[in-house]
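Since the structure comes first, as structure tokens, the remarks are kept for the end.
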Amino acid sequence: MNLWQRYQDWLYYHQGLDLYLDISRMRFETSLFESLKPQFTQAFQEMEALEQGIIANADENRMVGHYWLRNPEIAPPEQKKEIIDNLEGIEAFVQKVHQGTIKPPEADKFTDILSVGIGGSALGPEFVAEALSPDFPPLNIHFIDNTDPAGIDRVLNRLKDRLKSTLVIVTSKSGGTPETRNGMLEVKWAYEQQGLKFPAHAVAITMIGSKMDELERMEGWLAEFPMFDWVGGRTSEMSAVGLLSAALLGINIRELLDGAKEMDIATRVTEVKNNPAALLAFAWYYSGDGQGKKDMVILPYKDSLLLFSRYLQQLVMESLGKEQDRDGNIVHQGLAVYGNKGSTDQHAYVQQLREGIPNFFATFIEVLEDRPGKSLEVEPEATSGDFLSGFLLGTRLALYDNHRDSITITIPQVNPRTVGALIALYERAVGLYASLVNINAYHQPGVEAGKKAAASILDLQRDVLGVLKASSTPLNITDLSAKAGASEQCETVYQIVRHLAANQRGVTLTGDRAKPANLTISYH
Ligand SMILES: O=P(O)(O)OC[C@H]1O[C@H](O)[C@H](O)[C@@H](O)[C@@H]1O
């Protein structure tokens, strides 16, 4: 097979975005491509229905409207108005913060943003901030995206004297996610410790009527922006969730939206070969037999795209990782995603990609412009950027020669338009792929199960502490578990008290640590 010819046969190019997609280094046969066309016809129809506002997330009885965010014209009238009003509200707020007309009571201007959120309420803002922030943004951004006390302390300690000029954005669609609630309470406490007025620094992004919305109203926070119930967390970058912090950082959000809108138009094309999202979905399908048998390794050769793989991890894995298909059959679907950036990863795990277990396909993201302006020649006729390009091209060839497939996406620059386009490209590819393999991409029942399990552990901890407080003598794990009504959960009870003992919670373990069953536990 003449590869140069295959390259040309399969190359997709989008003129408006100057974006290329090359799937020629995936070793599929044209017959597979042809045979999947009926499934694609169905997938396009389903996508059209989704864009028209059917209840695509039946679990939560919700429409799925992230495509409307960048083109309100195609949204139902009520949603159209919400989108336009919200965008204008964000821009007006940001302008006032930048001008200093909206300012904290204790300083002349806001200097920093502290963004508290998790999952879809953090990954998009983190990715976009890393990809697109100017070198010296109008405000510096920091993130709390976990309930790790040491992680929270690190962020708060570093901000310390600047808390008084920090704008705190708390983002939670549901308004009830424990990690985000905890982060918010810890930040609030830090403000109170310094005698600062937390509500005057706080902005909420949440659904109207959520617990956070109620709290925000009660405490009179500085501002609130709505999170729409018809936008899922992992596709919320183009809602207030992503746009507020991006605009505060000085990123042109209209261009981000435009890039996404232009990609959306391209990915509505019903001819598979001329639709980049369909080509991507097809390549994924081929690679993993439509069962996710191969992992997707995302390798952007550009530092600013470092967090793209982490962003895609949620978008792809939370959407596609499902036990059941849409007919209720057990299918255990998914598509594992990992990666950081090239060429850095070539000095780490790419060894395995080249020679080890062939359980993946790579996706190279190539950025044509190395930097604005000319570059130093680090060797005769070669710049640092030439090396970066050489490493990408060389690795692509070396992988292929060793029977490892790859996709290559090429963009002219990392800018708001191309980042918007990349996000939209993957959102659509995930939706189309989900249709191909007959799963619902828009719910996440597994995450709910994890949350319930965590809540029941905390309930058990309360019971255990109650028993210990009421007991006049030390107890062993078996007796403690029985008294807490959890005889079957000795191991969990042991792990709970071991954690409490390490954290000045009044719990002491006595005895041989290597023999948990022999320990005695007391409370004082
Ligand atoms: O925005 P929130 O409601 O706080 O949700 C944050 C995250 O929580 C859950 O884990 C969901 O599975 C994610 O999709 C979501 O992005």
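Both counts, for ligands and for their atoms, begin at 1 and track the order of listing. Nothing fancy with the numbering, it's 1 onward along the sequence.
- If you look at Gln444 next to ligand 1, the close heavy atoms, those under 4.0 Å, all belong to the side chain.
- Aromatic ring pairs are classed by plane angle as parallel below 30°, tilted from 30° to 60° and perpendicular above 60°; the pair Trp221 and Phe198 is perpendicular.
- When only interatomic distances are considered, the shortest N/O to N/O separation between Gly119 and ligand 1 does not fall below 3.5 Å.
- Among protein heavy atoms, atom 14 (O) of ligand 1 sits closest to Glu318 OE1, 2.6 Å.
- Of the protein's non-hydrogen atoms, Ile118 O, 3.9 Å is the one closest to atom 7 (C) of ligand 1.
- Scanning Thr206, Thr177, Thr171 for the heavy atom closest to atom 2 (P) of ligand 1 points to Thr177.
- Ring-plane geometry between Phe93 and Phe225 is classed as perpendicular, the angle between the planes exceeding 60 degrees on a 0 to 90 degree scale with a lower cut at 30.
- With Tyr442 as the aromatic partner, Arg234 does not meet the cation-pi criteria of under 6.0 angstrom to the ring centre and within 45 degrees of the ring axis.
- When only non-hydrogen protein atoms are considered, atom 10 (O) of ligand 1 lies nearest to Val447 CG1, 3.2 Å.
- With a 4.0 Å heavy-atom cut-off, ligand 1 is reached by no atom of Met227.
- Open room surrounds NE2 on His499; 12 or fewer heavy atoms of other groups in view lie less than 6.0 Å from it.
- Lys451 counts as a contact of ligand 1, since one of its heavy atoms falls under 4.0 Å from the ligand.
- Of all atoms in ligand 1, numbered sequentially from 1 with element shown, those under 4.0 Å from a heavy atom of Lys173 are 1 (O), 2 (P), 3 (O), 4 (O).
- Protein heavy atom in closest approach to atom 16 (O) of ligand 1: Gly120 N, 2.7 Å.
- Side-chain atoms of Asn157 come within 3.5 Å of backbone atoms of Asp153 as a donor-acceptor pair (strictly under, hydrogens ignored).
- In the vicinity of Ser121, heavy-atom distances shorter than 4.0 Å reach the ligand 1 atoms 1 (O), 2 (P).
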